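This report refers to the structure that appears directly beneath it.
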Amino acid sequence: MTKITLGKGINAGLRAAMEADPKVVVMGEDIGKLGGVFRVTEGLQKDFGEDRVIDTPLAESGIIGTAVGLALRGYRPVCEIQFDGFVFPAYDQIINQVAKMHYRSMGKIKMPVVIRIPYGGGIGAVEHHSESPEALFAHVNGLKVVTCGDPVDAYWMIQQAIASDDPVVFFEPKRRYHEKAELDESVPPALPLHQAKVVREGADATLLCYGPMVKTCVQAAEAAVEDGRNLEVVDLRTISPFDLPTIFASVKKTGRAVVVHEATLSFGPGSEIAARVSEECFYHLEAPVLRVTGFDTPYPPSRMEEEYLPDLDRVLDGVDRVMGY
Amino acid sequence: MTKITLGKGINAGLRAAMEADPKVVVMGEDIGKLGGVFRVTEGLQKDFGEDRVIDTPLAESGIIGTAVGLALRGYRPVCEIQFDGFVFPAYDQIINQVAKMHYRSMGKIKMPVVIRIPYGGGIGAVEHHSESPEALFAHVNGLKVVTCGDPVDAYWMIQQAIASDDPVVFFEPKRRYHEKAELDESVPPALPLHQAKVVREGADATLLCYGPMVKTCVQAAEAAVEDGRNLEVVDLRTISPFDLPTIFASVKKTGRAVVVHEATLSFGPGSEIAARVSEECFYHLEAPVLRVTGFDTPYPPSRMEEEYLPDLDRVLDGVDRVMGY
Amino acid sequence: MSESVPGTPPEVFAPVEVPVSPAQPPEEVEFVQLLTPEGERVEHPDYSFDLDDEAIKGFYRDMVLVRRIDAEATALQRQGELGLWASLLGQEAAQIGSGRALNAKDMVFPTYREHGVAWCQGVNPLNLLGLFRGVDQGAWDPKDNNFHLYTIVIGAQTLHATGYAMGQQRDGVLGGGVDGDAGEATIAYFGDGASSQGDVNEAFIYASVFNAPVVFFCQNNQWAISEPIDRQTRIPLYQRAAGFGFPGVRVDGNDVLATYAVSQQALKRAREGSGPTLIEAYTYRMGAHTTSDDPTKYRLNEDLEHWKLKDPIERVHAYLSRHAGVDHDFFDEIDAEGDKIAAELRAGCLALPDPQLTDFFQHVYVEETPQLAEQRAQYAAYAASFDGEG
Amino acid sequence: MSESVPGTPPEVFAPVEVPVSPAQPPEEVEFVQLLTPEGERVEHPDYSFDLDDEAIKGFYRDMVLVRRIDAEATALQRQGELGLWASLLGQEAAQIGSGRALNAKDMVFPTYREHGVAWCQGVNPLNLLGLFRGVDQGAWDPKDNNFHLYTIVIGAQTLHATGYAMGQQRDGVLGGGVDGDAGEATIAYFGDGASSQGDVNEAFIYASVFNAPVVFFCQNNQWAISEPIDRQTRIPLYQRAAGFGFPGVRVDGNDVLATYAVSQQALKRAREGSGPTLIEAYTYRMGAHTTSDDPTKYRLNEDLEHWKLKDPIERVHAYLSRHAGVDHDFFDEIDAEGDKIAAELRAGCLALPDPQLTDFFQHVYVEETPQLAEQRAQYAAYAASFDGEG
Ligand SMILES: Cc1ncc(C[n+]2csc(CCOP(=O)(O)OP(=O)(O)O)c2C)c(N)n1
Ligand SMILES: Cc1ncc(C[n+]2csc(CCOP(=O)(O)OP(=O)(O)O)c2C)c(N)n1
Ligand SMILES: [Mg+2]
Ligand SMILES: [Mg+2]
């Protein structure tokens, strides 16, 4: 058992993957000596060398484009995008090349590429450093999209993502990098990569959340006890594909659901959940699926981010509304 | 009154906008002498010169990035992206720059940029030439997203988009470029840009569609008459923002809705409609909002596109299902 | 006229005139040439063609056969059997010369027009038709012939090639053998238009910074659909490389001996571990951009007539008959072989099975998602409901 | 040592060695220099500084004041008043020299570090703090001082600058006046790291093909966060321009006289209609990348010590006191002025009002959407429900 932060969990997971498979290479900006701006790759270049931990030129399309080539050569590249807002120069390579290669080749080519993206707000950063663009990847067929909500998942999920023969966009909740938990590396992961986790059982309504919002929702659920409400909290973990059986089971049980994410409301992940749940649980729903999310504006200057981001109060407000039907 | 195709409608609309305002410039690949691969800009360079109808280097990020600069200088650039699949090299400039400039400057900068994208399938093309990526733009705050379904709308909507002080992504249903209609240029447009249009009144269920699917849905509605079903068809026209009042009014009336689009199901435009309608019309819905869409695969090789694309039968199958609740 | 010209950059602050004419007439262009349009061999200080006349006969055969295949594909498109075809007409020497310079382990990243290179790599021409007929998107296994899938998104493949070359580097396969020639290299094909894409320039940077064993082979066919080369650059394209710190060379792209010699040297350099090279093969797109294009809208017929005199096949024909004692039997046999291959290609094309959408659901992921499995099953049931209807 | 070097490209096929040392020590670097680190003026065949000592005193004042402003902002960050600060320490000469070469109508596209250029354009330093304090995202009107918003997405602004310059061209404002110097130009600032972005290279292509009146001003401060310059290029950066067909020049970025002279000439060229120029200002980032960065992780202290000897301000101080008869009153006054400005800046910073989220909803669109109006109203009602709660 070791006490580990979420950031260190990913670091340890990367290390474990690199030790297990010499074909795993890590690449990105400032990931070498510096260990990445969040120190998630700290120490890796020292131990695995410059050929496996590659500081790239400052060009994101180049990172992903060369990763495609490395994958074609039999490597398993793990690419770091420095911040959420900087993935877009690489968007074409991700959606037209990484995502489609397996399909285009009728299954002959595999693209075991992992794209790590620290995402979300709450760290007081300047613009482009706090975004939640997961829906822009989840809508793209051929990609898988996951995100971890705690240090233990961080450790295992990054390894599962690297082991996946499908390309995985791996969103890391940057404001949770310093959250701590006990990790026992000898206990195998409890769940496969694309399965959701009920982190708190409840009966009155379901909070569906992921990444940075898991902690927020658990806190909200605890606070709701005072109001006599017993909330279930589901950490979705996988966004594409969603683990629909787990989601449906919970909502059918409680009859009410609130989706919570930092991403903007419209055309966000919550809309897909609402659409699916409304269809599958039509006769079980006591209320429409409600969404507590970032607003439909660009991410605001950081002095306003506390208001912009869903927090305990806004989650409870959503719960009030969903219980009001 | 002139008989005009949808493609010629846009051409005539561009011409009218260029005549009305010398600051309107048109830019893109092959739009000059060739008049664009779909001939939508035919004749414009001859009449307005190379300074206003600009054949650009083969670089989409450059097209949009220089359009931003031209807009900052007081121009109103209309950018052509040759095919839907080729907009992604420009994605960063579109979502980080075009979309955010007004917000970043607290309203001081305007970005009257129009990005024209021929989209959708059904023309027997090779890969990357038949995609429907509208959700990837609709999720981005700061952009507006519209699409025309008939030649008269094509003529007016492109002019309204150019007149808009907000950036507009203008999706053109390429397989409808040759659809014909009568246009009377002297009659002002019936609707503002961001309003939907009920193209067929009905009572039993609502088909919500846009762009290339409008024709398909009208045909389906006519075919449904034989089954004794009276379907309402709404041409949404505007995707971001959706015209929710028109959508809600129709669904509250019929109690049932099927969204039809070529874009992939998951995280697609239909999920946002389903989420909104489920919430707003919770007590009016006789059935969940269903979606008839492209499947969750990349666009297939063209020999299979007829199966991939929603057609009359699949729309009617959706209607059957929604009526079955 | 037949000289290799390393980039001479404009002087600092000497005003640079933007060229106004679409393309320089080839007379004024300086490049590496070893066989003139008239079929005469010429010397070059830095490059020589070191194979015998048998090899030249082989190149001739290659070029005639790929032109024949290309013509058949164009005909198939006209007859509605293909949705589209991108002809290589006029670019045979660039493709055969460079393709024949490849070693067995070298890897190729093509655009959508490299039918000649595919031929050299042993790809069955029928495989090339799938994409254009709309039954697949390439779907050959790149490993079978060291020939990656056609890439349609302009320039994207240059980064893939660079990454692949970085993989070769990491695999330690550079150097070794005579002169280090036992190593492996990668070659990336792209067009003059592609040179403007950010991706291509990023590929130059990655290749340069990592000294990757990649050859950038640009077929400057003067046109990117309707846009003449002056929409992409105002100086010769090969000079771009110098600004990134690696060598660039312009070669007569219609001269198969020169394209062979120049490619061979660049590939050798890469295999040895000496890094990237940019080759600009100066050629001309004799046909339309694709069968959907109408070049009469934007270019003059006289341009085409002018380039016909530089035909890549004609000059080898002239050389072989005048200087290598090859008689008409040889040529006739190849023509006959071409007709046979074309007939087989046609028959193969018509026999290509129509694909099933349900099959394609399974190619989206290695591990299919439950959602997709469900959609597939639903669609299969739906499709089956029509069976027997009519 | 003080010579302008147009790009001499490597010879064709001469193997290019990849440099292994992080950055060339400045002694070995060739560039345009007009004032040595010791404060001695030197001649250059192509460039001369044509202003008097009063102007140099002005430059000195500019540099001292922006360094003082920068130091105050760093202090504000340390005290928690700013979330972040990107220091220009060490780059004052590059920014003041180029900034002072601008005419009233020229337009500037900065990155996030051009506080010195902002100063030259008359932007109130307080405006620069908003972004870093997190109360806005720049929010000055670019038209007020012909100074665009700071751009954080690396390289994006080089395309904006090129487009803006294409607009100047279309407005017919090139040429005219003495030597065509009445025209307008645009200048784009970017870093050495940025030179690897596709956007920057596309900007070079657009500028070259359209002959746009834009000067690309690259501050090569040797580092892109933790990456040394050899991660971006293996030859001097200014040589990149030659490959795109326009002039490139390297200037001692710590020499304000030289950066002024070189910028002036390039801007003049642009205003006349002679097209783009790339200037590489060879300098050094004396501080951390930003206040969040820890350079001890990746660079040696001795590097920094070495560069301190080249300080851009010290050499002007030396020149003025030794050769221009300037006494300590002058220097003291400027220091005092700096302290005053810094105090004002600090007071202004602390007094910046906290922004209201509801206000920001209205800046998303010129014409607000009904959805957003509704969200805004709902949020306002929600927020109001907490009022009086405490
Ligand atoms: C990113 C992207 N933009 C646009 C297109 C459409 N397109 C296909 S081919 C072509 C011209 C390419 O010209 P060039 O690179 O010279 O190659 P060539 O066709 O002449 O061989 C264009 C614009 C594309 N395929 N990809
Ligand atoms: C597209 C993009 N990728 C990554 C970043 C993160 N980032 C911010 S500054 C920087 C380094 C920039 O280096 P350089 O261009 O040399 O400018 P300098 O900071 O040295 O002035 C990086 C990688 C970014 N802002 N934008
Ligand atoms: Mg071409
Ligand atoms: Mg730098």
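Here is the naming used below: chain letters follow the sequence lines, and residue numbers restart at 1 for every chain. What you see is a predicted model, and the numbers here were worked out from it, not measured in a lab.
With R229(B) contributing its side chain and A221(B) its backbone, the two residues share no donor-acceptor pair below 3.5 Å. Judged by distance alone, the side chain of Q222(C) and the main-chain N or O of T283(C) form a donor-acceptor pair under 3.5 Å. Of the possible donor and acceptor atoms, none in the side chain of W223(C) sits under 3.5 Å from a partner among the backbone N and O of R299(C). Side-chain atoms of R176(B) come within 3.5 Å of backbone atoms of P212(B) as a donor-acceptor pair (strictly under, hydrogens ignored). In this structure, the side chain of T264(B) engages the main chain of F295(B) through a donor-acceptor pair within 3.5 Å. Checking side-chain atoms of E114(C) against main-chain N and O of T111(C) turns up a donor-acceptor pair under 3.5 Å. Between the side chain of H115(C) and the backbone N or O of A86(C) there is at least one donor-acceptor pair closer than 3.5 Å. The main-chain N or O of G124(B) is found under 3.5 Å from a side-chain atom of E305(B) such that the two form a donor-acceptor pair. Side chain of R113(C) to backbone of S87(C): a donor-acceptor contact under 3.5 angstrom is found.
Residues of residues 78-96 of chain B lying under 4.5 angstrom from chain C, judged on non-hydrogen atoms, are Q82(B), F86(B), P89(B) in numerical order. Against chain C, the residues from residues 26-43 of chain B that qualify, each with a non-hydrogen atom under 4.5 angstrom away, are G28(B), E29(B), D30(B), K33(B), L34(B), V37(B), R39(B), E42(B) in number order. Contact residues of residues 313-325 of chain B toward chain C are D313(B), R314(B), D317(B) (heavy-atom distance under 4.5 Å). Below 4.5 Å, heavy atoms of chain C meet heavy atoms from D55(B), T56(B), P57(B), L58(B), A59(B), E60(B), all part of residues 51-62 of chain B.
No side-chain N or O of Q371(C) forms a donor-acceptor pair with one of D296(B) less than 3.5 Å apart.
Residue-environment remark: CD (Q378(C)) exceeds the threshold of 12 foreign heavy atoms within 6.0 Å.
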Given salt bridge (charged side-chain N to carboxylate O under 4.0 Å, His left out), test E262(B) with R175(B) step by step and report yes or no.
CA-CA 12 Å; E262(B) 294 189 12; R175(B) 71 158 135 158; 2.6 Å; yes

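Here the two rings, on Y189(C) and H148(C), have centers that are 6.0 Å apart or farther.
Within the 4.5 angstrom heavy-atom criterion, only side-chain atoms of L84(C), from C-beta onward, approach chain B.
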